[in-house]
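First the proteins, then the strands, lettered A, B, ... as listed; each starts at 1. All values below come from the heavy atoms of this structure, side chains included, with hydrogens, waters and symmetry mates left out.
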2 protein chains.
Amino acid sequence: MPRGKNSGIPSNRPAPNCFACQWRARSEWCVLDDEDMSSLNDSKSNSTYRTGQLVYNQGDTCSGIFCISSGLVAIRKADEHGNTVLVRLCYPGETIGYRDFFADEDYTTSAEILEPAQLCFVDRKSVRKLLDRNPGLGLSFLRKVSSDLDAAEETILQSASHSVRVRFAHLLLALKDRYATVRDDGALQMRLPLSRQDIADMLGSRPETIARVINMLEKEEVAFFSGRTVVIPDLDPLLDEIEPPQNP
Amino acid sequence: MPRGKNSGIPSNRPAPNCFACQWRARSEWCVLDDEDMSSLNDSKSNSTYRTGQLVYNQGDTCSGIFCISSGLVAIRKADEHGNTVLVRLCYPGETIGYRDFFADEDYTTSAEILEPAQLCFVDRKSVRKLLDRNPGLGLSFLRKVSSDLDAAEETILQSASHSVRVRFAHLLLALKDRYATVRDDGALQMRLPLSRQDIADMLGSRPETIARVINMLEKEEVAFFSGRTVVIPDLDPLLDEIEPPQNP
DNA sequence: CGGGGGTTTGAGTCCGTTCAAAATACGTGG
DNA sequence: CCACGTATTTTGAACGGACTCAAACCCCCG
């Protein structure tokens, strides 16, 4: 069941300017000098994507890399039996598809839009040119892949040693940093960018189990869910999930 | 419970020569020209390690990278509660410690010797020099980290979608490529480089479970275990574990 | 207002874990 | 080379988390 069409539609809004990009300083491209940045700016194309669209599909040949200007992207990996996991979420400022680009392989994952997005695309040839002109760019991506690798290994460790409930607490705490706002009464509130299925895919579990865990958390008044909206009256109980209070 | 001392002992054997290294062609260093290779050869040091020794420890500061000349190395990751997983096995020709080196972080994993090994060490400054002189080296490592990342994501997918038994079958099939020999009667035989505990750590399981799975495999005559020695009379049943025979 | 997808709930089962003890293998020193 | 002590592996019994299958529910949208 394909979730959407492959290619974004050309943006009618003016294409973002790399120099003005608010993410520039934190992205891998920050090592480029003005001339190279200008070359990047000229060679990139820009598209708008709707929720559910596929940016690229596992198995497709990789012809360049994408940079997220706005929106949210899920990186999924599937096996031949249709089992899938959601490997990671990618936010504005992040580059996606670079792994397969640098490994010079077909895509080993799929990228799907979770929140309406605008992506820039830089084709193979342009990236190569920039890499040649600026060796620092390669090292910059090396740092990025290295940190992704550490995150992946962390995930392996987590799912080998913690229950779904604890992993879900971890996920909530990570999402709160990006999505939560503080209400008048001091409680945290956020709208999850993920369906129950997506949450399950991230935790290596099933939607039914997620529903049950949510049920328990509500009974214990740790967090309250209504659709995709979550209210967390107090962070401490959630933090205790991760690090049970010590009793020496 | 530390498993060994940290530093290897200086090799009494003549240090391996990078030019003569049998792994040269497949390693990341193969992009170096003769001059740079000679510089690498001069700046590296070499040590011998016994089984159980730690090459580096999670949390230590990373002061360079290691290259495996011979032996077998396990990369482990631990959390604050003492839970550990064995993230990956590293074989001769592979470089280890590069992830943390390139991310410029303290070690996020530990490296432990599983089979007596000889490692070369290249200090931070020398690696930097080589990276400066040869931008291709960075890209070469970029390819390596990228493939490690894919492997890690594959592990996440596997352990989310397959039973311990199936994952163990996967492991056996992977190990056989490197360790198995064909006996006179056509059966495959190998000596596992891993303890039951290590196998459990690789599969995100427990030694007891591994023992039970082994028990079942023997009852079903898929494979026979005696200590670390495994005999596999026929590969097909093992392959069926991974890809159950189709019935359309 | 009638689908239809996503979500929740229920019941039952199974895989894998935990804890404990027995058996075996292993390294070391005598 | 054997004996001993320790560590690893195996076995057993019991528990429990998470899965499966199935049905009911709900909400959003046409």
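One atom, CZ of A/Phe225, and another, P of D/dC27, lie 17 Å apart when rounded to the nearest Å. Atom pair B/Arg165:CZ and C/dC14:P shows a separation of 16 Å (rounding to whole Å applied). Between the CD atom of A/Glu241 and the P atom of D/dG17 there is a distance of 13 Å, rounded to whole Å. Going from atom CZ of A/Phe168 over to atom P of C/dT7 covers 12 Å, rounded to whole Å. Between the CG atom of B/Leu192 and the C1' atom of C/dA25 there is a distance of 15 Å, given to the nearest Å. Counting to the nearest Å, the P atom of C/dG27 and the CZ atom of B/Arg50 are 13 Å from each other. If you take CG of A/Leu194 and P of C/dG6, they are 14 Å apart, rounded to a whole angstrom. Between the P atom of C/dT17 and the CD atom of B/Gln197 lies a distance of 12 Å, rounded to the nearest Å.
Using a cutoff of 4.0 Å between basic side-chain nitrogens and carboxylate oxygens, B/Glu105 and B/Arg99 are scored as salt-bridged.
Side-chain contact between A/Thr155 and A/Val87 is absent, with no heavy atoms from C-beta onward closer than 4.5 Å.
Annotation: proximity of residues 202-217 of chain B to DNA chain D (heavy atom, distance under 4.0 Å) is found for B/Glu208, B/Ala211, B/Arg212, B/Asn215, numbered in ascending order.
Under the rule for a salt bridge (Lys or Arg N to Asp or Glu O under 4.0 Å), A/Asp184 has no partner lying at least two apart in sequence or in another chain.
Under 3.5 Å, the side chains of A/Ser195 and A/Asp198 contain a donor-acceptor pair of N or O atoms.
For the pair A/Arg178 and A/Tyr91, the distance from NZ or CZ to the six-membered ring centre is under 6.0 Å and the angle to the ring normal is within 45 degrees.
Within 6.0 Å of the CZ atom in B/Arg228, the count of heavy atoms belonging to other residues, nucleotides or ligands exceeds 12.
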